[in-house]
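Starting from 1, each residue takes its place in the sequence as its number.
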Amino acid sequence: MRVLITTAGSHGDINPFVAIGRALRERGHAALMLVNPYYRDLVEEAGVEFAPIGETLDLRDLKNHPDVMHRYRGGRTVLDKWLIPYSGELLDELGPLIDRFRPDIVVHHHIAMLAPHVCREKGVKTAVVVLAPAMWLSAEDVFVSIDWMPDPPPRWMRWVMRRLGPAFLRRTLDPRLNRVRRAHGLAKERDIYLRCTRGGDVNLGMWSPIVRGPMASDPPTGVICGFPWHDRHGAQEHAPEEIERFLEAGGSAAAPILFTLGSAAAHVPGRFYHDAAEACRLLGRRGVLLIGRSNEPPEGMPEGVAAFSYAPFSAVMPRCCAIVHHGGIGTTAQALRSGRPAVVVPHAHDQFDNAARVRRLGVAESLPAHKVTAERLAGVLRKLLGEPGYAWRAAEIGVKVAREDGAVVAVGLLEKTVAGGDRTYGTDGTDRKKAIAEGGL
């Protein structure tokens, strides 16, 4: 089987597809990943073939676009600065690459909104990968789209969201995407985003069913696969021996609190890392700050607090007593896998919904980013660390999540789709278990 993969965004949008590419290679399939040149070494380190699309977009340049993580303006900023240009690049480059590589199926992120058009023109099957539960917009789902929404939203608010949500997406996305289509001599289309997220030959929900299980109004060819795992990027990682020395210095009785804003929000952190260091001082706790490559450590950090650029979450999170993170779906997955309780500080995008879902599981608390101060952060952490139920539930769920391998399940579904089997999986547990079994678990 030959599989062409395309995605865009930050590491949270790239790593799941690298995991799928790696799983494909391990099953003897050919995998080619079409992605921004910034990620070449990340892709090739994993043994996946690489093809570039667009000009190099260094994530450190996000510091010049602070609205990228604004709770109201963030979505529009990401759309206009990156996703719409990426859509035009796909129309230019995906078709010729399909002709050269001759894939059996194209696997694409749901933000690759014009990829389905190219694949239809080329007669190639598609697999749509959706990384966060809210993106399926299922009628029965309970999702939180902004920090001021109650959780769970009252019935009337859910009714309004179900009816206005598609119209909002249509009004926001269709005009922008149709301008790109017209520039390429293509006719206008309607509901481009909704058709993209639900219209693949197979639709892969790459999250744990513990976070959100299957629902009747999910896509008919949709399967929730479980989280995929990949968090290595050698060029970004801090020297591991330095991190190891710091972790060992405290001993098992003084496990630190980990603070991270992932790979995108870390470049527009505001005072987050200063507040994090001060919260550690107020609590008398050790702390690890993963600050990215574009930031300097906060001045005057207290003893027992250290700042590093990046370390694989799978290596560091299990050795901490709690995790404070922004709520990106990839970081959320790793935090759940670690079995450690968390404080989520959502900034924008799907982060508010991800925060609400882990809070409902009883493994996390939430403090919106624009409300963070050192005192508030210390107060939430004091509650989290002082009530044993958080740690107990986090450990219990961590064992279950760690058993998942969403990438392996996804590859099994790709194999079945290419082979031409019945691709309607339905929504009950029996169908899902069958799909997982066919994925190799």
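For the pair D201 and T221, the minimum side-chain heavy-atom distance is 4.5 Å or more. Taking 4.5 Å as the limit, every side-chain heavy atom of L261 sits out of range of all side-chain heavy atoms of T331. Between H349 and I329 the shortest side-chain heavy-atom distance does not fall below 4.5 Å. Contact check for L204 versus V202: side-chain heavy atoms found under the 4.5 Å cut-off. Between V142 and P152, some side-chain heavy-atom pair lies under the 4.5 Å cut-off. You'll find the side chain of N15 reaches within 4.5 Å of the side chain of L42, heavy atoms only.
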Margin query: If you apply the rule salt bridge (charged side-chain N to carboxylate O under 4.0 Å, His left out), what do you find for R337 with E404, and how did you get there?
Written below: CA-CA 9 Å; R337 184 192 192 190; E404 298 177 0; over 6 Å; no
Next item on the list: Report the C-alpha distance between D275 and T373 in whole Å, list the side-chain angles of each, state the deciding distance to 0.1 Å, and finish with yes or no for side-chain hydrogen bond (donor to acceptor under 3.5 Å, both in side chains).
Entry: CA-CA 6 Å; D275 290 332; T373 64; over 6 Å; no
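Side-chain contact check for D218 and S138: at least one donor-acceptor pair (N or O, by modelled atom type) lies under 3.5 Å. Donor-acceptor pairing under 3.5 Å is lacking for the side chains of H11 and D231. Using modelled atom types, one finds no donor on one side chain facing an acceptor on the other under 3.5 Å when comparing T260 with Y273. Neither side chain, D61 nor H267, offers a donor N or O lying under 3.5 Å from an acceptor on the other. No hydrogens or angles considered: nothing links the side chains of H274 and E299 as a donor-acceptor pair under 3.5 Å.
A salt bridge between R190 and D174 is absent, with no side-chain N of the basic residue lying under 4.0 Å from a carboxylate O of the acidic one. Using a cutoff of 4.0 Å between basic side-chain nitrogens and carboxylate oxygens, D141 and R357 are scored as salt-bridged. A salt bridge is defined here as a Lys NZ or Arg NE, NH1 or NH2 lying under 4.0 Å from an Asp or Glu carboxylate O, and E49 with R25 fails to meet this definition. Using a cutoff of 4.0 Å between basic side-chain nitrogens and carboxylate oxygens, R76 and D67 are not scored as salt-bridged. With respect to E278 and R271, no salt bridge is recorded, no charged nitrogen being found less than 4.0 Å from a carboxylate O.
Of the listed residues (L34, L90, V118, I53), just one forms a side chain to side chain contact (heavy atoms under 4.5 Å, CB included) with L97, and that residue is L34. Partner of Y86 under the side-chain hydrogen bond (donor to acceptor under 3.5 Å, both in side chains) criterion, chosen from T7, T6, N36: T6. Residue E189 is tested with R182, R170, R120 for a salt bridge (charged side-chain N to carboxylate O under 4.0 Å, His left out); the sole match is R120.
Annotation: the span from F101 atom CZ to D99 atom CG amounts to 13.0 Å, rounded to 0.5 Å. Between the CG atom in L114 and the CG atom in L94 there is a gap of 10.5 Å [rounded to 0.5 Å]. Distance CG/L173 to CZ/R176: 7.5 Å, rounded to 0.5 Å. Taken from CG in L258 to CZ in F313, the straight-line distance is 7.0 Å, to the nearest 0.5 Å. M149 contributes atom CE, which lies 9.0 Å from atom CG of D353 (distance to the nearest 0.5 angstrom). Distance check, rounded to the nearest 0.5 Å: OH of Y39 to CZ of F50 gives 11.0 Å.
Between P297 and A307, the shortest heavy-atom distance links the atoms CB-CB, 3.8 Å. Closest of all the heavy-atom pairs between C196 and P116 is SG-CG, 4.1 Å. The nearest pair of heavy atoms linking S87 to V180 is C-CG1, 4.2 Å. When every heavy atom of V418 is checked against every heavy atom of K125, the shortest pair comes out as O-NZ, 3.5 Å. Heavy atoms only, all atoms of each residue included: V401 and A333 are closest at CG1-O, 4.4 Å.
Side chain of E140 to backbone of S217: a donor-acceptor contact under 3.5 angstrom is found. Judged by distance alone, with hydrogens and angles left aside, the side-chain atoms of K371 form no donor-acceptor pair with the main-chain N or O of P368 at under 3.5 Å. The main-chain N or O of W136 is found under 3.5 Å from a side-chain atom of R198 such that the two form a donor-acceptor pair. For the pair S309 (side chain) and R293 (backbone), a donor-acceptor distance under 3.5 Å is absent. A donor-acceptor pair is defined here as one N or O able to donate and one able to accept, closer than 3.5 Å; no such pair exists between the side chain of H325 and the backbone of P346. R340 places a side-chain N or O within donor-acceptor distance of the main-chain N or O of C320, the cut-off being under 3.5 Å. At distances below 3.5 Å, not a single donor-acceptor pair connects side-chain atoms of H184 with backbone N or O atoms of L186. Using modelled atom types, one side-chain atom of R22 and one backbone atom of W229 make a donor-acceptor pair closer than 3.5 Å. Listed for the N354 side chain is no donor-acceptor partner under 3.5 Å among the backbone atoms of G328. Judged purely by atom type and a 3.5 angstrom limit, R158 has no side-chain atom pairing as donor or acceptor with the backbone of P154.
Under a cut-off of 6.0 angstrom, the local environment of NZ in K81 is sparse, with at most 12 non-hydrogen atoms contributed by other residues, nucleotides or ligands. Environment of CD in E55: sparse, with no more than 12 heavy atoms of neighbouring residues, nucleotides or ligands closer than 6.0 Å. Shown here is R171, whose CZ atom has no more than 12 heavy atoms of other residues, nucleotides or ligands within 6.0 Å.
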Cut-off 3.5 Å, no hydrogens considered: what does the side-chain donor-acceptor table look like for residues 102-111, sequence neighbours left out?
residue	atom	partner	partner atom	Å
D104	OD2	R2	N	2.7
H109	ND1	I111	N	3.1
H109	NE2	D13	OD1	3.0

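Not a single side chain to side chain contact (heavy atoms under 4.5 Å, CB included) links A183 to another residue, sequence neighbours left out.
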